[in-house]
Amino acid sequence: MHNIKDLRKNLNHFKKKLKDRNFDFNINLFEKLDETNRKLISEKEKLEQEKKILSKSKDKSNFEKSKKISEKIFQISIDQNLSQKKLDELMYFIPNIALDDVPVGNDKKSNKLIEKFGNIKKFSFKPKSHIEIGIKNNQIDFDTSIKLSGSRFVVLKSQMALLERALINFMLDIHTTEFNYNEISPPLIVNEDIMFGTGQLPKFEADQFEIKFENSDQRKFLIPTAEVVLTNLVRDTILHKDELPLRFVASTPCFRKEAGSYGKDTKGMIRQHQFYKVELVSIIEPQNCNLELDRMLSCAKEILKRLEIPFQTVLLSTGDMGFSAEKTYDIEAWIPSENKYREISSCSSCGTFQARRMDTKYKFKNEKNFVGTLNGSGLAVGRLMIALLENNQNEDGSINIPNILKKYMNNLDKIS
């Protein structure tokens, strides 16, 4: 969320930067709502001051005056609450603005390729998709998952289930022991304030799985990503500068309706309603966001390097970034059956945007400032499985296990 004072001072700047993000910022509406709200607040404060002066007087005739003022204050409070709500609703839907080094563009066509890593393997046979591999060995089962839950779910069996667990443990071990992330096992159900804090609500309500509880005074949701809970660990908190940086990692299921993606990647494990992801989150001083983003990106890339999976890194354009991000890098792994790279991680700096929504600050000496927040996939487990299976397949349908992963796979050499 943006500082309303900054908006007032730099309206034209914000309008331009938001236009770069394909967001039409209605300056006239903002100014009208803001002016009305400030006027009502001022009237209310004047009346409260007038009432305070009258209350100190011993003149009984002032009782009726005070009563009438109280009635006016009550009515103005109602009007001001409504005005504030309208202003808040406008503010809540305004996305973060992009940093100056982010390429300007309407969509992914304007993304900037940063680097490529690894050699793409040349197969002596036509490589199978992960769907074909799963059907052949009967360990990736979409038919049963449809009976159980519907489309966009999967049942993993035997060695494929082991592979999923192995990849999770492998990634967690690297991120905790080598990159000093603090492992967290968080709740998978959160309230609406937590979803608001990281920007999932109210804008992306259609993509969330809401859970109905009886006698609950708050709405509850399944997490779409561990970013939501890990970032909100410091919600409504004033940290000390010496506590920063805080770095968290968690492996959790993620739940998304995938609203607006009908017809896209309907087959296979690319885009599902439920999937595992190892998530990285950093809480830092905001001036260090760029350095921390580079660090987080290198941590995520290291997973693919050690598994020897080819990938490319892309800097997203203003029109392709997420709502809360000020700068985002995507890591895309090579998928042989599709003959192209597919996103396997997004690493984003959000600046102070989420911290303002969560009211999270840090103090140093006598100053208090909002923290900076970052999040990134380290990595998405299902998509990593796809990349590993397809890049390590043999003509007979077996899958070679990378050496570094064998100890997590009961020392198996192959999935047969």
Side-chain angles (χ1 to χ4, degrees), residues 115-134 136-140 154 156-181 183 249-251 269-270 275-280 295-313 331-345 347 376-416:
E115 66 166 339
K116 287 181 182 284
F117 175 87
N119 297 316
I120 294 174
K121 182 178 178 180
K122 294 182 179 180
F123 292 92
S124 60
F125 57 93
K126 183 181 178 181
K128 296 180 178 64
S129 71
H130 72 283
I131 302 171
E132 294 170 305
I133 292 168
K136 185 168 184 177
N137 64 24
N138 196 33
Q139 293 183 41
I140 302 178
V154 66
L156 299 179
K157 301 176 181 177
S158 190
Q159 293 171 334
M160 290 299 180
L162 174 60
L163 177 61
E164 180 181 63
R165 176 160 53 91
L167 288 170
I168 290 170
N169 290 336
F170 167 67
M171 289 189 281
L172 286 175
D173 281 353
I174 290 178
H175 290 313
T176 54
T177 62
E178 297 189 33
F179 301 145
N180 298 316
Y181 284 90
E183 185 175 356
V249 61
S251 168
M269 292 164 48
I270 286 286
F275 58 95
Y276 277 95
K277 183 154 64 84
V278 173
E279 185 75 3
L280 308 173
R295 182 189 189 276
M296 181 178 284
L297 184 66
S298 68
C299 293
K301 290 192 295 188
E302 187 62 27
I303 301 296
L304 291 170
K305 288 180 179 180
R306 296 194 188 187
L307 293 172
E308 299 181 9
I309 295 173
F311 67 87
Q312 66 180 21
T313 306
I331 305 171
E332 300 173 344
W334 179 254
I335 307 299
S337 68
E338 299 185 21
N339 198 38
K340 67 179 181 181
Y341 293 94
R342 295 295 297 257
E343 178 200 335
I344 199 167
S345 171
C347 295
S377 310
L379 304 160
V381 181
R383 294 191 177 197
L384 181 56
M385 280 188 67
I386 292 169
L388 189 145
L389 291 172
E390 294 198 14
N391 281 283
N392 290 278
Q393 62 180 292
N394 300 305
E395 191 170 6
D396 64 0
S398 63
I399 309 297
N400 298 324
I401 305 299
N403 288 330
I404 200 167
L405 202 62
K406 287 180 180 178
K407 68 176 182 178
Y408 296 93
M409 290 287 294
N410 299 331
N411 295 314
L412 283 174
D413 291 321
K414 292 182 178 181
I415 293 176
S416 57

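Computed from a predicted model, the values in this text were never measured in an experiment. Along the sequence shown, residues are numbered consecutively beginning with 1.
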Test item: [X] side-chain N/O and [Y] main-chain N/O as donor-acceptor pair under 3.5 Å:
X: S398; Y: N394; value: no
X: E279; Y: A250; value: no
X: Q393; Y: I399; value: no
X: R383; Y: A333; value: no
X: H130; Y: M269; value: yes
X: N391; Y: W334; value: yes
X: S345; Y: S377; value: yes

A side-chain contact here means heavy atoms from C-beta on lying under 4.5 Å apart; do [X] and [Y] qualify?
X: H175; Y: C299; result: yes
X: F170; Y: I303; result: yes
X: Y341; Y: I120; result: yes
X: I140; Y: I131; result: no
X: Q139; Y: Q159; result: yes
X: S298; Y: F179; result: no
X: V381; Y: M171; result: yes
X: L412; Y: K406; result: no

task = Please report the closest heavy-atom contact between V278 and S251, naming both atoms and the distance.
result = CG2-CB, 4.1 Å
ask   = Looking only at heavy atoms, what is the nearest atom pair of M385 and L163, with distance?
value = CE-CD2, 3.9 Å
Salt-bridge criterion met for [X] and [Y] (N-O under 4.0 Å):
X: K136; Y: E132; answer: no
X: E332; Y: K340; answer: no
X: R306; Y: E178; answer: yes

Atom pair CG (N403) and CG (L307), whose distance is rounded to the nearest 0.5 Å = 11.0 Å
query = Does K301 make a cation-pi contact with F311, if we ask for NZ or CZ under 6.0 Å from the ring centre and within 45° of the axis?
reply = no
ask   = Can you tell me if CD on E308 sees more than 12 non-hydrogen neighbours from other groups inside 6.0 Å?
value = no
ask   = Counting only heavy atoms not in N119, do more than 12 fall under 6.0 Å of its CG?
value = no
task = Would you please indicate yes or no on a ring centroid separation below 6.0 angstrom for F123 and F125?
result = yes
